[in-house]
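Every chain is numbered from 1, with letters handed out A, B, ... down the list of sequences. Here the structure is a predicted model, which means the values were calculated and not measured.
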There are 2 protein chains.
Amino acid sequence: MSETKTRSRPSGKAEPGEPAFDLPPMGSIIGYKLRRAQLAVFQDFLNAFARMKLRPAEFSVLALIAERPGQKQTEIAEKLGIKRANFVALMDGLERRGLAERQKAMGDKRSHALRLTVEGSAFVKRMLAVWNEHENGLIEKLGGPAERDRLIVLLDRLLARSGE
Amino acid sequence: MSETKTRSRPSGKAEPGEPAFDLPPMGSIIGYKLRRAQLAVFQDFLNAFARMKLRPAEFSVLALIAERPGQKQTEIAEKLGIKRANFVALMDGLERRGLAERQKAMGDKRSHALRLTVEGSAFVKRMLAVWNEHENGLIEKLGGPAERDRLIVLLDRLLARSGE
DNA sequence: TATTGTTATACTCTATAACTATA
DNA sequence: TATAGTTATAGAGTATAACAATA
């Protein structure tokens, strides 16, 4: 299907001395720019949360537990695209810091119901305040909430039917 | 500066039984969606280049050498955000496969001028053909070249003045 | 038999310090 | 003194296999 949508230049013949390749400008490559932007955003996140010593994965785990307490490890790990084996050390860290805990579930004795501790709830409140500042900074860079929404729509298109 | 642009819901009081947090919907978090989209695009890249055994970093190094032969390692590494120490093994791999080579530079005897081999030039031609298919697939997903351009513009805004 | 959490392990990426040979 | 390339090393992140307890 389809002709070359990738090139912008009319494909003229290479001049002498020039390389014989019709190359993408690098700054227009979707995957490349996506990666650089993601790294920049994560770096901004790490700067914002340096004082709280919180990494993106820990943020999202705490957010999911806060949103719906009692979920089991596999559920949260799957939602975040984390292998359950790698989730163990992550959860160990949150438990060691006294922010979240594993409780024995009512029905299934194999699984753990994950909950925030009292200290963890206070932590999450501060975490969300910091996150709001961080996120609003990104939204301003993008040009406002409408531009943010446009970005999300485009990224969702890249994610659609990728795993199906 | 500025009020909360992050929330979409009117911040009503929490109902009994609901968690006491006003949480972001996770799917609307810029960094989170950015990361998932980047992983999906890279996975698509890896699938496309599985047969050629080429990873994104190797692709971009070959593309930069092809674009302007004779550049030295530090130049290319910096353009790609790779530490020069980590660039060594990457370049070793390309050299071992006979795709690119280190030549002694004319002026500075410390530096290496990087060039494609004859075999490497042929490889890059095939590489660019595969890449065009991959990239056009992404552009179709986005809804066409205009949507791709809009995405690049938004990602550039996230990258602007981040490191200054 | 299948699933939950776990351990052990390995591989990739990334980051830093220190060395050498040149400049 | 500083720079280009290199080595060694350590830390994240991620992937798989296998096990015990439970379903």
Would you say L64(A) and I82(A) are hydrophobically clustered, going by side-chain heavy atoms of ILVMFWY under 4.5 Å?
yes

Is any NZ, NE, NH1 or NH2 atom of the basic residue among K141(B) and D156(A) found under 4.0 Å from an Asp or Glu carboxylate oxygen of the other?
no

Expressed as a whole number of angstroms, how long is the span from E75(A):CD to dG5(C):C1'?
14 Å

At the 4.0 Å heavy-atom cut-off to chain B, mark where contacts on DNA chain D begin and end, going 5' to 3'.
dA2(D) to dT14(D)

Output for pair (M127(B) CE, F21(A) CZ), nearest 0.5 Å, gives 8.0 Å

Does a side-chain N-to-carboxylate-O contact under 4.0 Å join K72(B) and E75(B)?
no

Would you check if there is a donor-acceptor pair between the side chains of E140(A) and N136(A) at a distance under 3.5 Å?
no

Could you tell me the separation between the NZ atom of K104(B) and the P atom of dT22(C), rounded to a whole number of Å?
12 Å

Any S111(B) side-chain nitrogen or oxygen under 4.0 Å from OP1 or OP2 of dT22(C)
no

Residues from residues 78-91 of chain B lying under 4.0 Å of DNA chain D - heavy atoms:
R84(B), A85(B), V88(B)

Taking C-beta and beyond as the side chain, do L34(B) and L155(B) meet within less than 4.5 Å on heavy atoms?
yes

Go through residues 41-57 of chain B and report each residue with a non-hydrogen atom lying under 4.0 Å from DNA chain C, sorted by number.
R55(B)

Residue of the set R115(B), K79(B), H112(B) for which side-chain hydrogen bond (donor to acceptor under 3.5 Å, both in side chains) holds with Q71(B):
K79(B)

Separation of dC13(C) atom P from Q38(A) atom CD, nearest Å, is 14 Å

So with a 6.0 Å cut-off around NZ of K109(A), is the heavy-atom count from everything else above 12?
no

Kindly indicate whether the side chain of R126(A), heavy atoms from C-beta on, has any atom under 4.5 Å from the side chain of V130(A).
no

Pairing of R102(B) and D92(B) as salt bridge, 4.0 angstrom limit
yes

